[in-house]
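Along the sequence shown, residues carry numbers from 1.
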Amino acid sequence: MTVDDSALSPACLVAGDGRLRHGAALKFFWGPMDCGKSTMALQMNYNHARQGRRGIVLTRIDRSLGPQVTTRIGLAHEAIEVTDDLDLRALVRGRWADGERVDYLICDEACFYSVEHVEQMAELVDCYDVDVFAFGLASDFRSELFPAARRLFELADEVARIQVEVLCWCGREGQLNARIVDGKVAREGAQVVIGDTVDHGDVRYQVLCRRHHRTGDLGPVRP
């Protein structure tokens, strides 16, 4: 059986070749701080590129504050910084217009993207046959879902919690990201505040179990 390409919407053609393959997927990989989200993002990019696929690596508010994906184990990769006015669809179409292939996107720190960016991810998958692999936190320092993460949970074809175990200071599984301001767990403030993850930072973050996130107990003072 042949498909009449003329019956397809012009918006649903793959890179100008007239075929809609229905093979792409939107996948969201999430977890608390220190579980290896950025490391997995770079590994995913490496694995796909090794098989001859061509992708774009993107991030927003990376810990380096630069246009790159960095990890706490020392890996780094240049990336495109996602701004409010960046249209992911236009980015891909622009690459295609320049004669470049785009088979997939790696979207690190996706929790900080806008909801509109997530809608664009879904459209790239459904109408352009581009795989999108998103990585990010699920909830903020108040244990409330980031808007973009919520939309990813709603729209993604596959949602997976990264299995690298992160521990609270008490030894239980670390589930929530606490914002520490002046040595205390913050309960109010802007949803996104860049902070350090070392103890001497004015604003820092620490992974806690639900019990100690609720009580604000940061554990014994470390030397």
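Hydrophobic clustering (side-chain heavy atoms under 4.5 Å, transitive across Ile, Leu, Val, Met, Phe, Trp, Tyr) groups Ile56 together with Val82. Grouping the Ile, Leu, Val, Met, Phe, Trp and Tyr side chains by contacts below 4.5 angstrom, directly or via other members, places Val192 with Val203. Cluster annotation: Leu88 is not connected to Val115 through the hydrophobic network of ILVMFWY side chains, with a link wherever side-chain heavy atoms come within less than 4.5 Å. A continuous path of ILVMFWY side-chain contacts below 4.5 Å connects Met44 to Tyr104, so both sit in one hydrophobic cluster.
No more than 12 heavy-atom neighbours from other residues, nucleotides or ligands sit within 6.0 angstrom of CZ on Arg214. Within 6.0 Å of atom CZ in Arg101, more than 12 heavy atoms from other residues, nucleotides or ligands are found, so the atom counts as buried in its surroundings. More than 12 heavy-atom neighbours from other residues, nucleotides or ligands sit within 6.0 angstrom of CD on Glu158.
Qualifying salt bridge (charged side-chain N to carboxylate O under 4.0 Å, His left out) partners for Arg53, counting only residues two or more places apart in sequence or in other chains: Asp131. With sequence neighbours left out, the side-chain contact (heavy atoms from CB on, under 4.5 Å) criterion links Phe153 to Phe28, Trp30, Ala138, Leu145, Val159. Looking at residues two or more places apart in sequence or on another chain, you find a side-chain contact (heavy atoms from CB on, under 4.5 Å) between Ala160 and Phe29. The side-chain contact (heavy atoms from CB on, under 4.5 Å) search around Val92 returns Trp96, Val102, Leu105, Leu124, Val130, not counting sequence neighbours. Every residue two or more places apart in sequence or in another chain that forms a side-chain contact (heavy atoms from CB on, under 4.5 Å) with Gln191 is listed here: Asp140, Arg142, Phe146, Pro147.
Cys107 SG to Phe112 CZ: the interatomic distance, rounded to the nearest 0.5 Å, is 14.0 Å. Atoms NE2 and CD1, on His48 and Ile106 in that order, are 6.5 Å from each other to the nearest 0.5 Å. Between the OH atom of Tyr128 and the CZ atom of Arg89 there is a distance of 7.0 Å, given to the nearest 0.5 Å. If you take NZ on Lys37 and SG on Cys111, they are separated by 7.5 Å, rounding to the nearest 0.5 Å. If you take CD on Glu123 and CG on Asp126, they are separated by 8.5 Å, rounding to the nearest 0.5 Å. From Phe133, atom CZ reaches atom CG of Leu58 across 13.5 Å, with rounding to the nearest 0.5 Å.
Looking at heavy atoms from C-beta onward, Val207 lies out of side-chain contact with Leu176 at the 4.5 angstrom threshold. Using a 4.5 Å heavy-atom cutoff, the side chains of Ser143 and His213 are in contact. Counting only heavy atoms from C-beta outward, the side chains of Glu78 and Val57 never approach each other to under 4.5 Å. Contact check for Ile80 versus Thr59: no side-chain heavy atoms found under the 4.5 Å cut-off. Residues Arg179 and Val181 have side chains in contact (heavy-atom distance under 4.5 Å, counting atoms from C-beta outward). Using a 4.5 Å heavy-atom threshold, the side chains of Asp129 and Asp103 count as separate. Considering only heavy atoms from C-beta on, Pro32 stays 4.5 Å or farther from Gln175 through its side chain. Between Gln206 and Leu218 the shortest side-chain heavy-atom distance falls below 4.5 Å.
Here the closest heavy-atom approach between residue Ala134 and residue Met121 is recorded as CB-SD, 4.5 Å. Nearest heavy atom pair, residue Ala148 against residue Val118, reads O-CG2, 3.7 Å.
A salt bridge links Asp84 with Arg60: at least one charged nitrogen is closer than 4.0 Å to a carboxylate oxygen. A salt bridge is defined here as a Lys NZ or Arg NE, NH1 or NH2 lying under 4.0 Å from an Asp or Glu carboxylate O, and Arg54 with Glu100 fails to meet this definition.
One N or O on the side chain of His117 and one on the backbone of Ser114 form a donor-acceptor pair closer than 3.5 Å.
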Pairs under 3.5 angstrom only: tabulate donor-acceptor contacts from the side chains of residues 162-172 to other protein residues two or more places apart or in another chain.
| unit_1 | atom_1 | unit_2 | atom_2 | d |
| --- | --- | --- | --- | --- |
| Gln163 | NE2 | Arg161 | O | 2.7 |
| Trp169 | NE1 | Asp217 | O | 3.0 |

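For the residue pair Asn47 / Gln51, no side-chain donor-acceptor distance below 3.5 Å is found, with atom types taken as modelled.
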